[in-house]
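Nothing here was measured: the structure is a model prediction, and the numbers come from that model. Both backbone and side-chain heavy atoms feed into the values below; hydrogens, waters and symmetry mates do not. Atoms within a ligand are numbered from 1 in the order they appear, just like the ligands themselves.
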Amino acid sequence: MTVQPQTIYLKDYLAPAYWIKTVDLIITLREEDALVMATLQLEQNVKVPQTGRLTLQGENQQLLEIEIDGRVLSAAEYVLTDSDLTLPLTAKSATVRIQSTHRPKENKTLSGLYYSNGNYCTQCEAEGFRRITYFLDRPDVLSVFTTTLIAEQAQYPYLLANGNCVDQGENDDGTHWVKWQDPFPKPAYLFAMVAGDLAKLTDTYTTRSGKVVALEFYVEHHNQNQVEHAIQSLKRSMAFDEKVYGLEYDLELYMVVAVEDFNMGAMENKGLNIFNTKYVLADQNTATDTDYQNIESVIGHEYFHNWSGNRVTLRDWFQLSLKEGFTVYREQQFAAACGSPTCNRIDEVNLIRTRQFAEDAGPMAHAVRPESYIEINNFYTMTVYQKGAEVIRMLHTLLGDEAYYAGTSLYFKRHDGQAVTTDDFVQAMSDASGKDLKQFLNWYRQAGTPSVTLSGEYYGKGQRFILTASQSCPPTPQQPNKAPFVIPIKIQLLDNQGTALLPANTVIVLTEGTQQFEFNNITQAPTPSLFGQFSAPVKWDYPYTQSEQHILLRHDTCPVNRWDIGQTMMSNAILAGLAQPETAALPGDMLEILKALIQDQKEDPALLSRLLTLPGFGFLGEKLSCIEPQVLLATILRIEQQIADVLYEPLLQRYEHSLPKGVYQYNQKDMGLRAMANVCLYYLVRAQQGQGLNLAVAQYQAADNMTLRMGSLRAVNDFDAALRNNLLSDFYSRYQDYALVVDKWLSLHATARHVNCFKQVQTLTHHPAFHWTNPNKVYSLLGAFGQNPMAFHQADGSGYAFLAQAVCDLDRKNPQVASRMIDPLTQAKKYAAPYRQHMTDALHQLSKEKLSANVYEKVSKSLEELQHA
Ligand code: B3K
Ligand code: ZN
């Protein structure tokens, strides 16, 4: 009988019986395997009852020898299983020495120590360290690490680990060794090491207090000309954290290593970040403006973790959002300071409303601080990251600048060097601000997306406007009933000319089920602009009249809300068109407004590019109780076509004004122009009249940068004709040596909305450029395919069966990647009967296989939800 993976509960948290004060690791990298010698100084935790035993976690290793205080244990004295090692231990303190070996070159999970393109690297979060040695692999055990690495000198000239390099030398046998010491106690998930033959690029940063920090970036030799943007991004992050949060870097060295095979974006290991190449390498020929922005954000994100995550870490994995939500928020503030606050915010809102809302409505719904999990790696989610960031943003809104930063300073000071909880964070914010935040904790405890229904009443006699707001939250797994949330609503009232009637930054706070808010001295019936800057992660609704919508779209003082009302108006047209997709249309007056906006040269091109983009399939799907995927898609495409046909002339003119003059520059102005040029081109290609396709080819050929080149390819990508296919072939032959551009080529194929797409994706899994063991390749092809409604939702369910089979194959090698790929199938409940049935069949089929805990958790929770649907 196979043992079902177990559920782990927050309520069962127990502190460990021992602390590990120091760890001395000696790791010898040999041709076939790695020999690990770990010396652990243990000290009893006097606060918990002792059992006379200590269980260390350990997987995938060959145990060679255990010594306790110098005495070698016989096999009868310890208990070894596939997942742990139990030692007899009663002493107050003890030195435990463990020798083991494992085979990094065979490790395809990309967790623990593994081999990528000729180099060794590690990924220990969440539970990878137990694949390197036996350990208390939990975030509340903080140890001072010393790491000595030994390897062939010629093959692995760089041997890197956390902290500072304290000694090194050569041996007679062609090997060399380097010893590293990290003075800051840390949990094992922040351990890292790298061994490789890499190019090293250096710079320095002088901190506010005058300390010179060496910055070292390590990349494969052929990538060494693509690192400058990442280095500059790091320096900007360091300056940002000093200026805004008063936090300085604490070691003399900050290293970043970029590797091609990496499960996620990057990892904040102390002093030695390891990055997916995607978030380091960029030049104008290979990276788009969005890639540049993402690099800046991820470099910032990992840097900010040095305080929010490393200096102050987590008591247990249920607290993950304590570091992730907070760090995403800090990253968002940084990105807003470096770029366009409005467009960044629009992109963040889009992400939350499509992906996080879907997660909240699905079988894996969980609170920002979950109550339970089967596999922690499944909880690096939109909810923990993005909604977690929204929760911090709401705290900032509620407390104001001064109290917010007083709270974060108190938190870092109070808990430096500790492993803490989200409650500790909120307590610090409450202590610093004097505000009672007990009810606010509901955002951490309760899953699901709250809905807020609003209505307004104007009383001309008393010049009063009364806003009534009610909140509710749908049931989610294990949480049928919800208590009211604390919902900050940024509000403005606009008169008919769009003039603001309230002071800027007015915030009202909804704390009860239903509440009324009164505004006095309002001289005419106002149009309320609500949830400015998306001030709370909720779905909301206000019965705007058409003319109120127009006021908001033209004049709202909050540009994010201008975009938002445009999305609402477009969504309404699409949803109304579902009954008859072939006649779906935007109302004439909306088209008139869009035309005026396109013609208004004062309109910010970056914002305009977002205003002109229709709401996506995911966002619209969230508004439907039952999705007919092909009908929804056909309706969206029909309206795209209408915009293209009706607005062809103004779009063409605006396009001609939007192509930046001169050579490529990465700055806000040119980025906005390129974004606008690409959106115009996208529509021009679709118009039945005119020259769109020729313009796309011309833009592709003339481009001196990847942003415009990708813009042309995206514009023509849905047309499976010679022109598009020739461009894609040209693209491949130009860039086949650039792994990250090949990823773009794969995802262009997988996102194409034409009938042959599914077949092409299947064929591409056999292409020499595709590798099942490389996460970037899998995400670019299969991940993109799962998000492409036309290709994925085949009427006969073959798209689902294909993805399920891919998940099954991937799961044998890399469960984390497999588990990410299954997400589209977990949404089965939302689809119309035949689709839902085919998805359910695919999930059933998977459930018969021997699955990792990662995939098992999603399959079983999805099937359970379907049973109750
Ligand atoms: N902390 C890592 C994520 C680790 C994911 C493990 N499955 C990257 C980040 O959020 O910064
Ligand atoms: Zn993070």
Kindly identify the option in Y385, Y189, F304 whose heavy atom sits closest to atom 3 (C) of ligand 1.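 It is Y385 that holds the nearest heavy atom.
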Selection from N377, V384, L320 by shortest heavy-atom distance to atom 7 (N) of ligand 1: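 Result: the heavy atom closest to atom 7 (N) of ligand 1 is in N377.
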Check: H301 N/O within less than 3.5 Å of ligand 1 N/O: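 Between H301 and ligand 1 (N or O atoms, distance only) the closest approach is under 3.5 Å.
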I want to know if ligand 1 touches Y380 in the polar sense, i.e. an N/O pair below 3.5 angstrom.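 No - when backbone and side-chain N and O of Y380 are compared with those of ligand 1, no distance drops under 3.5 Å.
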Pairwise distance OH(Y373) to CD1(I376) - rounded to 0.5 angstrom: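 Rounded to the nearest 0.5 Å, the OH-CD1 separation comes to 5.0 Å.
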Ring pair (Phe, Tyr, Trp, His ring centres under 6.0 Å) against F240, all qualifying residues, sequence neighbours excluded: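 Only F304, F334 meet the ring pair (Phe, Tyr, Trp, His ring centres under 6.0 Å) criterion with F240.
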Give me the ring orientation class for F135 and F145: parallel if the planes are under 30° apart, tilted from 30 to 60°, perpendicular past 60°.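 Correct class here is tilted.
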Student check: side-chain heavy atoms of [X] and [Y] closer than 4.5 Å:
X: N276; Y: N776; value: yes
X: T313; Y: K186; value: no
X: T381; Y: M364; value: no
X: N310; Y: F184; value: no

Numbering the atoms of ligand 1 from 1, which are under 4.0 Å from a heavy atom of [X]?
X: M267; result: 1 (N), 2 (C)
X: Q816; result: 7 (N)
X: K323; result: 1 (N)
X: H305; result: 9 (C), 10 (O), 11 (O)
X: E268; result: 1 (N), 2 (C), 8 (C), 9 (C), 11 (O)

Between OE1 of E324 and NE2 of H305, what angle is found at the Zn ion (ligand 2), rounded to 10 degrees?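 NE2 of H305 and OE1 of E324 make an angle of 100° at the Zn ion (ligand 2), to the nearest 10°.
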Using salt bridge (charged side-chain N to carboxylate O under 4.0 Å, His left out), reason through R345 and E348 one step at a time and then give a plain yes or no. CA-CA 5 Å; R345 189 64 189 140; E348 288 155 16; 2.9 Å; yes
What residue and atom, counting heavy atoms only, is the protein's closest point to atom 6 (C) of ligand 1, and at what distance?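 Scanning the protein heavy atoms, the shortest distance from atom 6 (C) of ligand 1 goes to E125 O, 3.2 Å.
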May I ask you to identify the nearest protein heavy atom to atom 8 (C) of ligand 1, giving residue, atom name and distance to one decimal place in Å?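 Checked against all protein heavy atoms, atom 8 (C) of ligand 1 sits closest to A266 O, 2.9 Å.
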Only N/O/S atoms count here: what is the atom of H301 closest to the Zn ion (ligand 2) called?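 Restricting H301 to its N, O and S atoms, the minimum distance to the Zn ion (ligand 2) goes to NE2.
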Per the salt bridge (Lys or Arg N to Asp or Glu O under 4.0 Å) rule, what does the pair list look like for residues 776-787, sequence neighbours excluded?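 Those involving residues 776-787 are D743-K777.
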